[in-house]
Amino acid sequence: MVRALAVGYPDAHCELDFTDPLELTVAVILSAQCTDKRVNEVTPALFARYRTAADYAGADRVELEELIRPTGFFRNKASSIMGLGAALEERHEGQVPGTLEELVALPGIGRKTANVVLGEAFDVPGITVDTHFGRLVRRWGWTELTDPVKVEHAVGALVQPRDWTMASHWTIFHGRRVCHARKPACGACFLMHDCPSYGEGPTDPAVAERLVKGPETEHLLALAERARAGERFGQATG
């Protein structure tokens with residue numbers, strides 16, 4: 001299934017906009033219980049105003065909260081971001097560190113955030129267990145666990161370490177575009193032959209195709225048509 005996902009989403013990537021590790025870290029903090037699209041609408045003004053860890057540490061709370069208000073939970077997020085800036089200044093000379101242990105010791109950063117930062121900013125493979133990832137790997141029968149850390153370790157044992165970061169992207173893309181929480185587009189899914197949960201959503205292609213979202217829709221529907229004809233993807237190598 002991992003190889004099939006690579007066929008489905010060859011251009012999968014982190015959908016948060018950033019130019020350096022600090023911007024990425026702040027963006028991931030803001031993405032909690034918020035869409036990446038909304039975060040990307042907020043961060044241009046935020047990043048223009050606050051360029052360094054010291055800027056965040058010394059931010060005017062009212063101003064910072066107002067800038068990030070559209071992302072929700074803005075008071076808690078402001079506290080995390082200001083605390084992050086102060087901790088980076090005190091412990092890491094204002095730079096985002098590149099190890100899991102150092103990252104999770106910073107305010108506002110859990111394993112999910114740390115793995116995103118490691119994978120995207122430092123090219124260190126990591127599995128990002130967000131709501132989409134957890135939902136899909138349980139639907140696929142990769143694990144029955146619900147605790148994100150346990151899910152991370154369970155899936156990490158199934159997937160080659162070199163693929164951890166991209167497997168996270170491929171899975172999250174699939175969760176956002178096809179395998180939705182309430183009504184997965186089963187009849188328009190190119191994984192239909194390999195998914196043990198096939199049938200949880202509509203299997204009628206005409207109904208399912210209307211549920212597929214995103215810029216890859218045409219490509220995904222073409223793959224689904226080939227799957228309905230009996231083709232299985234990602235089987236030739238490995």
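Residues satisfying the ring pair (Phe, Tyr, Trp, His ring centres under 6.0 Å) criterion with F133, sequence neighbours excluded, are absent altogether.
The pair E209-R228 meets the salt-bridge criterion, since a charged nitrogen lies less than 4.0 angstrom from a carboxylate oxygen.
Among residues at least two apart or in separate chains, side-chain hydrogen bond (donor to acceptor under 3.5 Å, both in side chains) pairs with a member in residues 5-19 are Y9-H174, E15-R176, E15-R177, T19-E23.
Side-chain contact between L16 and E120 is absent, with no heavy atoms from C-beta onward closer than 4.5 Å. Looking at heavy atoms from C-beta onward, K112 lies out of side-chain contact with P148 at the 4.5 angstrom threshold. Side-chain contact check for K183 versus P202: some heavy-atom pair is nearer than 4.5 Å. Between V96 and F122, the closest side-chain pair of non-hydrogen atoms falls below 4.5 Å. Within the 4.5 Å cutoff, side-chain heavy atoms of I109 are placed close to those of L84. The side-chain heavy atoms of V2 and W142, taken from C-beta on, include a pair separated by under 4.5 Å. Two residues are said to be in side-chain contact when any heavy atoms from C-beta on lie closer than 4.5 Å; D147 and L145 fail this criterion. With a 4.5 Å cut-off on side-chain heavy atoms, V178 and F190 do not count as touching.
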- request: For the pair T165 and H169, evaluate side chain to side chain contact (heavy atoms under 4.5 Å, CB included) and give the outcome as yes or no after the intermediate values.
  value: CA-CA 7 Å; T165 298; H169 289 322; 3.8 Å; yes

From CA spacing to verdict: side chain to side chain contact (heavy atoms under 4.5 Å, CB included), V129, V155: CA-CA 10 Å; V129 183; V155 175; over 6 Å; no

task: Start with the C-alpha distance between I81 and L30, add both sets of side-chain angles, then the distance that settles side chain to side chain contact (heavy atoms under 4.5 Å, CB included), and finish with yes or no.
output: CA-CA 9 Å; I81 292 169; L30 292 176; 3.7 Å; yes

message: Evaluate L46 against Y56 for side chain to side chain contact (heavy atoms under 4.5 Å, CB included), listing each step before the verdict.
response: CA-CA 10 Å; L46 182 71; Y56 286 112; 4.1 Å; yes

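Looking at every heavy atom in both residues, P125 comes nearest to P161 through CB-O, 3.1 Å. Minimum heavy-atom separation, L67 to Y50: CD1-CE1, 3.7 Å. Heavy atoms only, all atoms of each residue included: V39 and C34 are closest at CG2-SG, 3.9 Å. Of all heavy-atom pairs between S168 and G126, the closest is OG-O, 3.6 Å. What you find for I29 and S80 is that their closest heavy atoms are CG2-CB, 4.2 Å. Pairing each heavy atom of A87 with each of P107, the nearest pair is CB-CD, 3.7 Å.
Judged purely by distance below 3.5 Å, without hydrogens or angles, the side chains of T52 and D55 pair a donor atom with an acceptor atom. With hydrogens and angles left out, the side-chain atoms of R138 and S197 include no donor and acceptor closer than 3.5 Å.
When the shell of 6.0 Å around CZ of R51 is examined, it contains 12 or fewer heavy atoms from other residues, nucleotides or ligands. Remark: E231 CD is packed, more than 12 non-hydrogen atoms of other residues, nucleotides or ligands lying under 6.0 Å away. In R38, the CZ atom is not crowded: 12 or fewer heavy atoms of neighbouring residues, nucleotides or ligands sit closer than 6.0 Å. Annotation for D60: atom CG counts as buried by contact number, over 12 foreign heavy atoms lying within 6.0 Å. By the neighbour-count criterion of 12 heavy atoms within 6.0 Å, atom CD of E41 is densely surrounded, having more than that number from other residues, nucleotides or ligands.
From L5, atom CG reaches atom CZ of F233 across 11.5 Å, with rounding to the nearest 0.5 Å. Here CD of E63 is found 4.0 Å from CZ of R49. Values are rounded to the nearest 0.5 Å. To the nearest 0.5 Å, atom CG of residue L191 and atom CZ of residue R139 are 12.5 Å apart. Going from atom CG of N76 over to atom CD of E65 covers 9.5 Å, rounded to the nearest 0.5 Å. In this structure, CD on E93 lies 11.5 Å from CG on L88, to the nearest 0.5 angstrom. For the atom pair OG1 of T171 and CE of M166, the computed distance is 10.0 Å after rounding to the nearest 0.5 Å.
Residue L220 is not grouped with residue V207 when hydrophobic side chains (ILVMFWY) are merged at heavy-atom distances under 4.5 angstrom, including chains of intermediate members. Residues V149 and V28 fall into different hydrophobic clusters, defined by Ile, Leu, Val, Met, Phe, Trp and Tyr side chains chained together at heavy-atom separations under 4.5 Å. Connection of I172 to V117 is not established within any shared hydrophobic cluster, with ILVMFWY side chains joined at heavy-atom distances below 4.5 Å, either directly or through further cluster members. V137 and M192 fall into different hydrophobic clusters, where Ile, Leu, Val, Met, Phe, Trp and Tyr side chains are chained together by heavy-atom contacts under 4.5 Å. When hydrophobic clusters are built by joining Ile, Leu, Val, Met, Phe, Trp and Tyr residues whose side-chain heavy atoms come closer than 4.5 Å, directly or via intermediates, I68 is grouped together with L22.
With hydrogens and angles disregarded, a donor-acceptor distance shorter than 3.5 Å links the side chain of K77 to the backbone of T71. Judged purely by atom type and a 3.5 angstrom limit, R210 uses its side chain to pair as donor or acceptor with the backbone of A206. When atom types are taken as modelled, the side chain of W164 and the backbone of V159 share a donor-acceptor pair closer than 3.5 angstrom. Under the 3.5 Å distance criterion, the side-chain polar atoms of N115 are matched with a main-chain donor or acceptor of I127.
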Show me the side-chain donor-acceptor pairs of residues 97-106 shorter than 3.5 Å, one per line, residues at least two apart or across chains.
residue, atom, partner, partner atom, Å
T99, OG1, E102, N, 3.2
T99, OG1, E102, OE1, 2.9

